[in-house]
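Every number for a ligand or one of its atoms is a count from 1 in the order of the listing.
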Amino acid sequence: MLVDLHTHSNASDGVLAPEQLLARAEKNGVELLALTDHDTMHGVQALQQGLASGTLKVSLQLVPGAEITSLCGGRCVHIVGLWLDAGSSELQGLLAGQRQVREERAERIAHKLAGQGVEHAYQGALQHAGSAAVSRPHFARYLVEQGHCATEQQAFKRWLGKGKVADVACAWPQLERVVSVIQAAGGLAVLAHPLKYGLTRTRLTDLLAQFAAAGGEAVELVSGAQPQAATRDLLQLCQRQGLACSSGSDFHSPAQTWCDIGRQPALPEAATAVWELR
Ligand code: AMP
Ligand code: MN
Ligand code: MN
Ligand code: MN
């Protein structure tokens, strides 16, 4: 089965509308697709309404999801919730809080940028966000648009990335709380892209152990284009913790040439797939 359990639409920092994302996934032959926007289910809810009313028809199975920002040991860690009930009051409460954190963070980022000679970044980022919750890529797009740098990656490298001038600490919820809210909403909790936090092997092992102790169900064993050796090694760590495995492209845009929807490497045979837990 061709799956992709990690994608973004323009309800967060992706560029395709949810309907366009769905069409692209179908065209790529994806059979099980999760839309997992950052800290919001607005895109998922729009798709669910379209599917329920019949205005939207697809052959693939849509998994309602979200990628929730959390803190673990003072570090930002992303937790993907899959098969979420968007109507859960616990989940809605958490997401409302996340939106507020994002808005406050955006003002502080803009303030830091102003100190660096970048004007009107708050309004600029909001314009790029549209109705989506504002995120750092919206700032990156503004910085590129205004000629402060050539690419979004450069904007992260110079201002927005970890430890850079416009990196501000945020009151995201703790990992344990996020796992429990996901489960209260009937979902499965998946630790997103564990190899992208820049952790030493010891810290990575600790993170997996802490996630398992919090009741998390699975780890994103495959995220985007990833070397096979890294997958093999991570699979061992997952198995040791009794964690199942997920797989996703982390697709944001058709311009993201390294991994289109559903084009990430397949899960190894030996892995217990998270969709088998359903
Ligand atoms: P936020 O959720 O507002 O903290 O923004 C995080 C998002 O920024 C990630 O999901 C990526 O889409 C994007 N991002 C993070 N780091 C980089 C980077 N170095 N270059 C480009 N995009 C990045
Ligand atoms: Mn993103
Ligand atoms: Mn992420
Ligand atoms: Mn993502």
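- The contact set between ligand 1 and Arg105, taken as ligand atoms under 4.0 Å from a residue heavy atom, comprises 1 (P), 3 (O), 4 (O).
- Between Glu152 and ligand 1, no N or O atom pair is found at a separation short of 3.5 Å.
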Identify all side-chain donor-acceptor contacts of residues 178-202 below 3.5 Å with residues at least two apart in sequence or on another chain.
{"from": "Ser180", "atom 1": "OG", "to": "Arg177", "atom 2": "O", "distance (Å)": "3.3"}
{"from": "Gln183", "atom 1": "NE2", "to": "Gly215", "atom 2": "O", "distance (Å)": "2.8"}
{"from": "Gln183", "atom 1": "NE2", "to": "Glu217", "atom 2": "OE1", "distance (Å)": "3.4"}
{"from": "Gln183", "atom 1": "NE2", "to": "Glu217", "atom 2": "OE2", "distance (Å)": "3.0"}
{"from": "His193", "atom 1": "ND1", "to": "Tyr197", "atom 2": "OH", "distance (Å)": "3.4"}
{"from": "His193", "atom 1": "NE2", "to": "Glu67", "atom 2": "OE2", "distance (Å)": "3.2"}
{"from": "Lys196", "atom 1": "NZ", "to": "Ser223", "atom 2": "OG", "distance (Å)": "3.0"}
{"from": "Tyr197", "atom 1": "OH", "to": "His78", "atom 2": "N", "distance (Å)": "2.9"}
{"from": "Tyr197", "atom 1": "OH", "to": "His78", "atom 2": "O", "distance (Å)": "3.4"}
{"from": "Tyr197", "atom 1": "OH", "to": "Ala192", "atom 2": "O", "distance (Å)": "2.8"}
{"from": "Thr200", "atom 1": "OG1", "to": "Arg203", "atom 2": "N", "distance (Å)": "3.2"}
{"from": "Arg201", "atom 1": "NH1", "to": "Asp233", "atom 2": "OD1", "distance (Å)": "3.0"}
{"from": "Arg201", "atom 1": "NH1", "to": "Asp233", "atom 2": "OD2", "distance (Å)": "2.6"}

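- Ring-plane geometry between His8 and His252 is classed as parallel, the angle between the planes falling under 30 degrees on a 0 to 90 degree scale with a further cut at 60.
- In terms of heavy atoms, Ser249 sits closest to Ile261 at OG-CA, 4.0 Å.
- The two residues Ala266 and Val222 make their nearest non-hydrogen contact at O-CG2, 4.1 Å.
- Residue-to-ligand polar distances place His252 within reach of ligand 1: an N/O pair is separated by less than 3.5 Å.
- Across all non-hydrogen atoms, the minimal contact from Tyr142 to Ala121 is CE2-CA, 3.5 Å.
- Residue Ser135 approaches ligand 1 through these ligand atoms, each under 4.0 Å from one of its heavy atoms: 3 (O).
- Atom 6 (C) of ligand 1 has as its closest protein heavy atom Arg136 NH2, 3.6 Å.
- Of the protein's heavy atoms, Phe156 CZ, 3.4 Å lies nearest to atom 14 (N) of ligand 1.
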Item to check | His138/Asp13 under side chain to side chain donor-acceptor pair (under 3.5 Å): CA gap, chis, key distance, verdict | outcome: CA-CA 7 Å; His138 299 128; Asp13 59 355; over 6 Å; no
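- The closest approach between Arg102 and ligand 1 falls below 4.0 Å for a heavy atom of the residue.
- Of all the listed residues (Cys170, Pro137, Ala125), Pro137 holds the heavy atom that lies closest to atom 5 (O) of ligand 1.
- Contact annotation: His8 has no heavy atom less than 4.0 Å from any atom of ligand 1.
- Listed for the Arg263 side chain is no donor-acceptor partner under 3.5 Å among the backbone atoms of Trp258.
- Around the Mn ion (ligand 2), protein atoms of type N, O or S found under 2.8 Å number 3.
- Just one residue in the list Leu208, Leu235, Thr272, Leu221 forms a side-chain contact (heavy atoms from CB on, under 4.5 Å) with Leu243, and that residue is Leu208.
- Proximity of a side-chain donor or acceptor of Arg108 to a complementary backbone N or O of Ala169 within less than 3.5 Å is detected.
- The only option from Cys76, Cys72, Ser70 that meets the side-chain contact (heavy atoms from CB on, under 4.5 Å) definition with Trp172 turns out to be Cys76.
- Residue Gln239 places its CD atom among more than 12 non-hydrogen atoms of other residues, nucleotides or ligands, all under 6.0 Å distant.
- Between His78 and ligand 1, a contact under 3.5 Å exists for no N or O pair.
- Under 4.0 angstrom from ligand 1, there are no non-hydrogen atoms of His138.
- In summary, of the residues considered (Gln256, His6, Gln264), a side-chain hydrogen bond (donor to acceptor under 3.5 Å, both in side chains) with Asp250 occurs for His6 alone.
- Within the 4.0 Å heavy-atom shell around ligand 1 one does not find Thr69.
- One finds the OG atom of Ser59 at 3.5 Å from the CD atom of Glu26 (value rounded to the nearest 0.5 Å).
- For His6, the nearest N, O or S atom to the Mn ion (ligand 4) falls under 2.8 Å.
- Polar contact check, His38 against ligand 1: a nitrogen or oxygen pair lies under 3.5 Å apart.
- The side chain of Asp13, and not its backbone, has at least one atom closer than 4.0 Å to an atom of ligand 1 (non-hydrogen atoms only; side chain from C-beta on).
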